[in-house]
Amino acid sequence: MALQIIQQGHNTVLKGLENFDIKSILECGQCFRWDKNGENDYTGIVKDKVARIVQNGSSAVFHDCIQQDFVDLWYKYFDMETDYKGIIDSISINDPIMKTASDFAPGIRILRQPLFETLITFIISANNSIPNIKRVVARLSKMYGSSLLYEGKEFYKFPEPAALANATLEEISMSKAGFRSKYIKKTAIEFNSNPLKVDDLKSIGYAEAKNTLMKYNGVGAKVADCTLLFCGAYTNAFPVDTWVKKIMEELYLKKDMSLRKIGEYADNKFGELGGYAQQYLFYYARSNM
DNA sequence: CCACAGGACGGCT
DNA sequence: AGCCGTCCTGTG
């Protein structure tokens, strides 16, 4: 059944969802601005829109969301045009490990998040835990992002590059970003004076795009790959963190290997679909290992 | 109190 | 190229 998008009063209702599980999507470690209200019930902010999403099987309700907002923002954000069933079939055939990992969470989708926000939040993710990353991002947004009301509650947009570029290091440090505070400030200054767009990254090719991002202070190979993958620029980006290293070594490689070599192995094995493979593996590893 | 988890960087070999 | 100490905050 094809996806149906229906406006019902103030809400937008989706029916016929396939490979869409809101819990897997929002808790697989790719985003930091969503909060759980209850089972399959989340509220979050992207750009200047807040959404409360409640999923029930193959249906989901976007509360206080007109159909036009769904089409303009959320459809792209949730990567609705991509055929995830086809991707899973393609990477799982002749690969029982990937079959197990994708069967564990076939409803994962890779979000297409705003570039500057993705870059800064993954700088914050360096040597950090997901709950702490969320707290730091929430503090920065409250300090430097404009506020908006949704269902009577105040939400804060992710800061504009200029707001973080003009902040002092002492102020940014109050977010408790720790040693990453100076990375945030330097990168915001650089980005603000020479703004980068997703299309710029797409036009120069994966290797050059990764090099470009790694010039920012606080951005190594892993953060660069996360940014390229989660802003929707390159689906072949395969970020190797400690969890992916662990699961790749245990299930595929059967020996210790450097982060760089694991990345090369994945590139050969998964190619253009590496980013999807990485997400199934990462979520499976974090939940089961 | 201590041990540990989580990546980038810079200095070293 | 690879190894290792340091950076900061929070949790057990």
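The chains referred to below are lettered A, B, ... by the order of the sequence lines, with proteins before strands, and numbering in each begins at 1. Quick caveat, the model's predicted, so the values are computed rather than measured.
- Looking at heavy-atom distances under 4.0 Å, A:Arg135 makes contact with sugar-phosphate atoms alone, never a base.
- Distance NZ (A:Lys261) to C1' (C:dG2): 11 Å, rounded to an integer number of Å.
- No side-chain N or O of A:Gln113 forms a donor-acceptor pair with one of A:Thr118 less than 3.5 Å apart.
- Rounded to a whole Å, the CD1 atom of A:Ile184 is 14 Å from the C1' atom of C:dC7.
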Study note, to complete from the structure: B/S/- along nucleotides 7-13 of chain B (protein heavy atoms under 4.0 Å) is BSS----

Exercise for review: Kindly determine whether A:Lys222 and A:Asp225 satisfy side chain to side chain contact (heavy atoms under 4.5 Å, CB included), including the steps that lead there.
Suggested key: CA-CA 5 Å; A:Lys222 192 268 183 181; A:Asp225 274 331; 6.0 Å; no

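- For the pair A:Arg260 and C:dC3, the criterion of a side-chain N or O lying under 4.0 Å from OP1 or OP2 is not met.
- Between A:Phe270 and A:Tyr276, the gap from one ring centroid to the other reaches at least 6.0 Å.
- Between A:Met174 atom CE and C:dT9 atom C1' the separation is 16 Å, expressed in whole Å.
- In summary, A:Asp48 and A:Lys157 do not engage in a salt bridge, as defined by a charged side-chain N under 4.0 Å from a carboxylate O.
- The interatomic distance linking A:Lys134 (NZ) with B:dG6 (C1') rounds to 17 Å, in whole Å.
- The distance from atom NZ of A:Lys245 to atom P of C:dG2 is 12 Å, rounded to the nearest whole Å.
- In this structure, the ring of A:Phe122 has its center less than 6.0 angstrom from the ring center of A:Phe32.
- Atom P of nucleotide C:dC7 and atom NZ of A:Lys186 are separated by 16 Å, given to the nearest angstrom.
- Side chains of A:Asp79 and A:Tyr84: a donor on one and an acceptor on the other come within 3.5 Å.
- Distance, A:Arg180 CZ to B:dG6 P: 13 Å, rounded to whole Å.
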